Number of protein chains: 2
Amino acid sequence: MGRPSLKEKLLSDGLQLVHKRGFGASSVRDIVQAAGVPQGSFTNHFASKEAFGLEILERYHDMASAAVKATLRNDAVSPLRRLRAWIDGQLEYLRQEDMRRGCLYGNLSAEASEESEAIRKRVAAVFAENQASVAYCLEAAIDSGELAANADVQELAGFIVSSLQGAILVAKAQRSPTPVERFERVLFRSVLPAGTVSKRRARVSR
Amino acid sequence: MGRPSLKEKLLSDGLQLVHKRGFGASSVRDIVQAAGVPQGSFTNHFASKEAFGLEILERYHDMASAAVKATLRNDAVSPLRRLRAWIDGQLEYLRQEDMRRGCLYGNLSAEASEESEAIRKRVAAVFAENQASVAYCLEAAIDSGELAANADVQELAGFIVSSLQGAILVAKAQRSPTPVERFERVLFRSVLPAGTVSKRRARVSR
DNA sequence: ACAAACAGTACGGACGTCCACATTGTGCCG
DNA sequence: CGGCACAATGTGGACGTCCGTACTGTTTGT
């Protein structure tokens, strides 16, 4: 039925463009040109530009999830090494385009939060999901004795996720990997070894 | 010479609008309407929308500088209390619009970095300036014995500035003050008391 | 043969910018 | 000391471009 679809090309090339130049700054014409497909194909496959945004967000999420599975949730490696590998992986990805891209989640959080409620909610959910993965890794760190047993895992995980976003954001403005590298150093030298954010009465932390 | 200028009104009302809705999402017509001035006044006072963006950035910077002077650089208060007051002040400001605004610096870093090199450079400079102010405060904390003497002040200050940006960014996506409150808790419970990011060989850290 | 995807173009509106002219406060000159 | 000229600002609309989206065929694989 039908012909081979150009949707894949639109999604993969479009994601690259939007990630580098921003969602609002990338017009539909820019996107179809980057993908080398005719204008009509965009309308054929996406009900609106917002729907396209949600799909590339999903695509980015697939990549990020794969990285999480290979690092944070990879029980074959010791917990704090996994956490470091997760951050190093992002740093390497950021360097590829001279720190210009930033994190798609953070970019969309800043620029699309007021334009599209659907995108804002998806980004918020992804942040929560990342926090859960970091928490999983920290839990393992407690079990293996790499982290103090009384550490509040959810609290630390949320702190790590948001602080990493900030480091990437500042790195984007300064076009330098320094903020992310510094985040990693301080995290491992100062936050985690001392790691004594003790659990408060309830474990909920939300 | 001439009549009383409407430039002030454009800048103050325009800043509010851009801060809440984003730079790209705010059209020139939106801005003049929010300020209640005719369209032509925008052209009269600003050579371009980018020039306007740089001016509201400067206006925002004036406000932020005043807050820094009253907190981080206020030697009448004990250093760590100043740092806490600085963060609390931002938190209060963010709450005013239900966490929708985020930080103008962070927003522009994410959305304007690829559109305007001038804005990107200004934002990067402001981040560096904030880092210097936090470092000033941490230096005072060492002198007063509130922070370990061997702490790497520049390293910690950079970490604090970027992590706060990230907390505000995530808070914006989640429409909740929790990430910023959590940042503050972890910072004071875990990073600063232990505070042992020791100075490396050179003090430069850049 | 039929459904699905391609493909080119058209459309109404919003965008940033520009322009021509009216208005008003200021300072100089008679 | 009164009026005039000028510069700065106000004011509304116009201009060309680009935007997201819709539409109407055409092609192609099953």
Side-chain angles (χ1 to χ4, degrees), chain A residues 1-57 59 107-108 111-120, chain B residues 1-57 59 107-108 111-120:
Chain A
M1 40 166 142
R3 305 201 270 182
S5 174
L6 299 181
K7 189 174 180 181
E8 268 310 302
K9 194 146 184 51
L10 273 170
L11 283 174
S12 77
D13 293 357
L15 170 58
Q16 294 303 319
L17 188 74
V18 168
H19 194 179
K20 192 173 171 188
R21 298 233 308 253
F23 185 68
S26 305
S27 74
V28 171
R29 283 166 181 81
D30 291 339
I31 293 166
V32 298
Q33 187 185 348
V37 309
Q39 171 114 342
S41 289
F42 190 92
T43 302
N44 292 337
H45 292 292
F46 307 102
S48 67
K49 196 189 174 190
E50 182 190 18
F52 172 77
L54 283 166
E55 289 216 38
I56 59 172
L57 194 45
R59 219 191 152 77
N107 296 350
L108 287 177
E111 82 167 306
S113 278
E114 289 299 327
E115 303 188 61
S116 163
E117 182 70 2
I119 291 181
R120 199 211 100 225
Chain B
M1 40 163 144
R3 304 200 271 180
S5 175
L6 298 181
K7 189 173 181 182
E8 268 307 303
K9 193 147 184 51
L10 273 171
L11 283 173
S12 74
D13 294 357
L15 169 58
Q16 293 304 317
L17 188 75
V18 168
H19 193 179
K20 192 174 170 186
R21 299 233 308 251
F23 185 68
S26 305
S27 74
V28 172
R29 282 164 183 81
D30 291 339
I31 293 166
V32 297
Q33 187 185 349
V37 309
Q39 171 112 343
S41 288
F42 190 93
T43 302
N44 290 339
H45 292 292
F46 307 102
S48 68
K49 196 188 174 190
E50 183 190 16
F52 172 76
L54 283 167
E55 290 216 36
I56 60 171
L57 195 45
R59 220 189 149 77
N107 296 349
L108 288 177
E111 82 167 306
S113 279
E114 288 299 327
E115 304 186 60
S116 163
E117 182 71 2
I119 290 182
R120 199 211 100 225

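Naming convention: chains lettered A, B, ... in sequence-line order (proteins, then strands); numbering from 1 in each chain. For clarity, every value in this text was computed on a predicted model and none was experimentally measured.
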Test of understanding: with side chain to side chain donor-acceptor pair (under 3.5 Å), list the residues that count as partners of Arg29(A), not counting sequence neighbours.
none
Go through the structure and list residues passing side chain to side chain donor-acceptor pair (under 3.5 Å) with Asp13(A), not counting sequence neighbours.
Lys9(A)
Determine which pairs satisfy side-chain hydrogen bond (donor to acceptor under 3.5 Å, both in side chains) with at least one residue from residues 30-42 of chain A, sequence neighbours left out, and list them in order.
Arg21(A)-Asp30(A), Ser27(A)-Asp30(A)
Output all residues satisfying side-chain contact (heavy atoms from CB on, under 4.5 Å) with Glu114(A), sequence neighbours left out; order by chain, then residue number.
Arg100(B), Arg175(B)
Just how far, in rounded Å, is C1' of dA14(C) from NZ of Lys49(B)?
12 Å
Go through it in stages, so that I can follow the logic: the residues are Asn107(B) and Phe23(B), the test is side chain to side chain contact (heavy atoms under 4.5 Å, CB included), and I'd like the CA-CA distance, side-chain angles, deciding distance and then a yes or no.
CA-CA 8 Å; Asn107(B) 296 349; Phe23(B) 185 68; over 6 Å; no
Does any residue of residues 14-32 of chain B have a heavy atom under 4.0 Å from DNA chain D, and if so, which ones, in number order?
Arg29(B)
Which residue pairs pass the salt bridge (charged side-chain N to carboxylate O under 4.0 Å, His left out) test with at least one member in residues 37-54 of chain A, sequence neighbours excluded?
none
Distance, rounded to the nearest Å, where Phe52(A) contributes CZ and dC19(D) contributes C1'
16 Å
Return the OG to CG distance between Ser5(B) and Leu11(B), rounded to the nearest 0.5 Å.
8.5 Å
What residues 5-13 of chain A contributes to the DNA chain D interface at heavy-atom separation below 4.0 Å is none
Heavy atoms within less than 4.0 Å of DNA chain D: which residues of residues 33-48 of chain A have one? Give them sorted by number.
Gln39(A), Thr43(A), Ser48(A)
Salt bridge between Glu111(B) and Arg120(B), side-chain N to carboxylate O under 4.0 Å?
no
Within this structure, what is the CG-CD1 distance for the pair Leu57(B) and Ile119(B), rounded to the nearest 0.5 Å?
7.0 Å
Can you sort out the partners of Phe42(B) under ring-ring contact (aromatic ring centres under 6.0 Å, His included), two or more places apart, ordered by chain and number?
Phe46(B), Phe52(B)
